[in-house]
Structure formats: C-alpha cells, structure tokens
Amino acid sequence: LRHQRNKIMDERIKEKTRKDSELQELLKDKARLDWLADVDNELGGVILPRDIVERNLHSMRDAIDEAMLIESTTGGS
C-alpha cells in the first residue's frame with residue numbers, strides 16, 4: 001500500500017513538473033509576443049499582409065490571429 005501511494009505521489013509530482021514546464025514556455029511565448037506587439041518597439045517586427053494589419057491597427061495579436069485563421073481556412077494559399 002505504501003509503495004502504491006509513493007508511486008501515485010511520484011506520478012503527481014512528474015505531472016506537476018511537466019505542467020510547470022509547459023507554463024514557463026507559455027509565459028516565455030507571451031513575453032515574446034508582448035515585445036513584438038509593443039508599439040514602441042523599434043527593433044523587432046512582424047510581417048503580415050497589409051490589409052490584415054490595416055484592419056487590426058488596434059492590436060498586433062488580433063492581426064496575427066486573423067492571419068492564422070486565414071491560413072488555417074485556406075491552407076496557406
């Protein structure tokens with residue numbers, strides 16, 4: 001019984017560690033996107049179709065979402 005509990009606890013610890021690692025990667029991605037989307041950023045940039053950018057001047061994220069949606073529905077063509 002003790003062995004089973006230890007095994008269960010080990011699995012829970014591994015799962016939490018995996019989730020923590022995934023969360024850290026997501027937070028890094030968020031920081032990257034925040035940096036790219038910053039209107040005062042003069043170093044980095046994103047290339048998107050002009051019409052998409054013009055429709056989404058309020059948000060780089062929305063522009064990226066629209067480009068991704070178009071690509072997923074048209075197969076990138």
Side-chain angles (χ1 to χ4, degrees):
L1 186 61
R2 178 182 276 173
H3 179 70
Q4 280 182 314
R5 278 192 232 148
N6 287 342
K7 188 174 180 179
I8 291 169
M9 290 301 295
D10 286 347
E11 289 302 317
R12 287 181 181 169
I13 291 169
K14 285 179 186 175
E15 180 66 15
K16 180 173 180 350
T17 301
R18 185 186 61 77
K19 287 181 179 179
D20 288 348
S21 177
E22 289 175 4
L23 177 59
Q24 289 305 312
E25 287 304 312
L26 290 171
L27 290 172
K28 287 180 191 177
D29 284 345
K30 180 187 180 305
R32 291 178 185 110
L33 189 54
D34 287 345
W35 181 78
L36 283 172
D38 184 347
V39 295
D40 296 321
N41 179 350
E42 296 180 6
L43 182 62
V46 176
I47 298 173
L48 295 169
R50 180 186 204 124
D51 59 323
I52 291 176
V53 173
E54 289 173 345
R55 282 193 298 274
N56 295 284
L57 293 174
H58 61 282
S59 171
M60 174 71 74
R61 283 181 171 83
D62 288 350
I64 293 169
D65 288 346
E66 183 178 338
M68 291 171 62
L69 178 65
I70 289 169
E71 183 180 56
S72 71
T73 58
T74 64
S77 53

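Because the structure is a prediction, the values reported are computed rather than measured.
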- prompt: More than 12 foreign heavy atoms under 6.0 Å from CD of Gln4: is that the case here?
  reply: no
task: Starting from the C-alpha separation in whole Å, work towards a yes-or-no answer on side-chain contact (heavy atoms from CB on, under 4.5 Å) for Leu23 and Lys19.
output: CA-CA 6 Å; Leu23 177 59; Lys19 287 181 179 179; over 6 Å; no
query: Should Met9 and Asn6 count as side-chain neighbours, where that means a heavy-atom distance under 4.5 Å?
result: no
task: Would you sort out whether Glu11 and Lys7 count as a salt bridge (charged side-chain N to carboxylate O under 4.0 Å, His left out), showing the intermediate values?
output: CA-CA 6 Å; Glu11 289 302 317; Lys7 188 174 180 179; over 6 Å; no
- request: Test side-chain contact (heavy atoms from CB on, under 4.5 Å) on Leu69 and Glu66 and set out the steps.
  value: CA-CA 5 Å; Leu69 178 65; Glu66 183 178 338; 5.6 Å; no
- prompt: Given the rule in the salt bridge (charged side-chain N to carboxylate O under 4.0 Å, His left out) test, do Lys16 and Asp20 qualify, once you have shown the distances and angles that lead to the verdict?
  reply: CA-CA 6 Å; Lys16 180 173 180 350; Asp20 288 348; 3.0 Å; yes
- request: Calculate, to the nearest 0.5 Å, the distance between atoms CG and OG belonging to Asp65 and Ser59 respectively.
  value: 7.5 Å
message: If the test is side-chain contact (heavy atoms from CB on, under 4.5 Å), which one of Glu25, Arg18, Gln24 qualifies with Glu22?
response: Arg18
query: What is the minimum heavy-atom distance between Leu48 and Ala67, and which atoms define it?
result: CD2-CB, 3.8 Å
message: Closer than 4.0 angstrom, basic N to acidic O: yes or no for Lys14 and Asp10?
response: no
task: Taking the side chain as every heavy atom from C-beta outward, state whether Met60 and Asn56 have any pair of such atoms under 4.5 Å apart.
output: no
- prompt: Looking only at heavy atoms, which two atoms of Arg61 and Lys30 are closest? And how far apart?
  reply: NH2-O, 4.0 Å
task: Please round to the nearest 0.5 Å and tell me the distance separating atom CG of Leu43 and atom CG of Asp38.
output: 11.5 Å
field: Within 6.0 Å of CD in Glu42, more than 12 heavy atoms from elsewhere
entry: no
task: Please report the shortest heavy-atom distance between Leu36 and Val46, naming the atom on each side.
output: CD1-CG2, 3.9 Å
- prompt: Quick check: are there more than 12 heavy atoms from other residues, nucleotides or ligands sitting under 6.0 Å from NE2 of His58?
  reply: yes
- request: State yes or no: do Met68 and Leu26 share one hydrophobic cluster built from I, L, V, M, F, W and Y residues joined by side-chain heavy-atom distances below 4.5 Å, directly or via other members?
  value: no
message: Donor-acceptor check, side chain of Asn41 to backbone of Trp35, threshold 3.5 angstrom: yes or no?
response: yes
query: When rounded to the nearest 0.5 angstrom, what is the spacing between CG in Leu27 and CG in Asp34?
result: 10.0 Å
- prompt: Is Leu33 linked to Ile52 within one hydrophobic cluster, defined over Ile, Leu, Val, Met, Phe, Trp and Tyr using a side-chain heavy-atom separation of less than 4.5 Å?
  reply: no
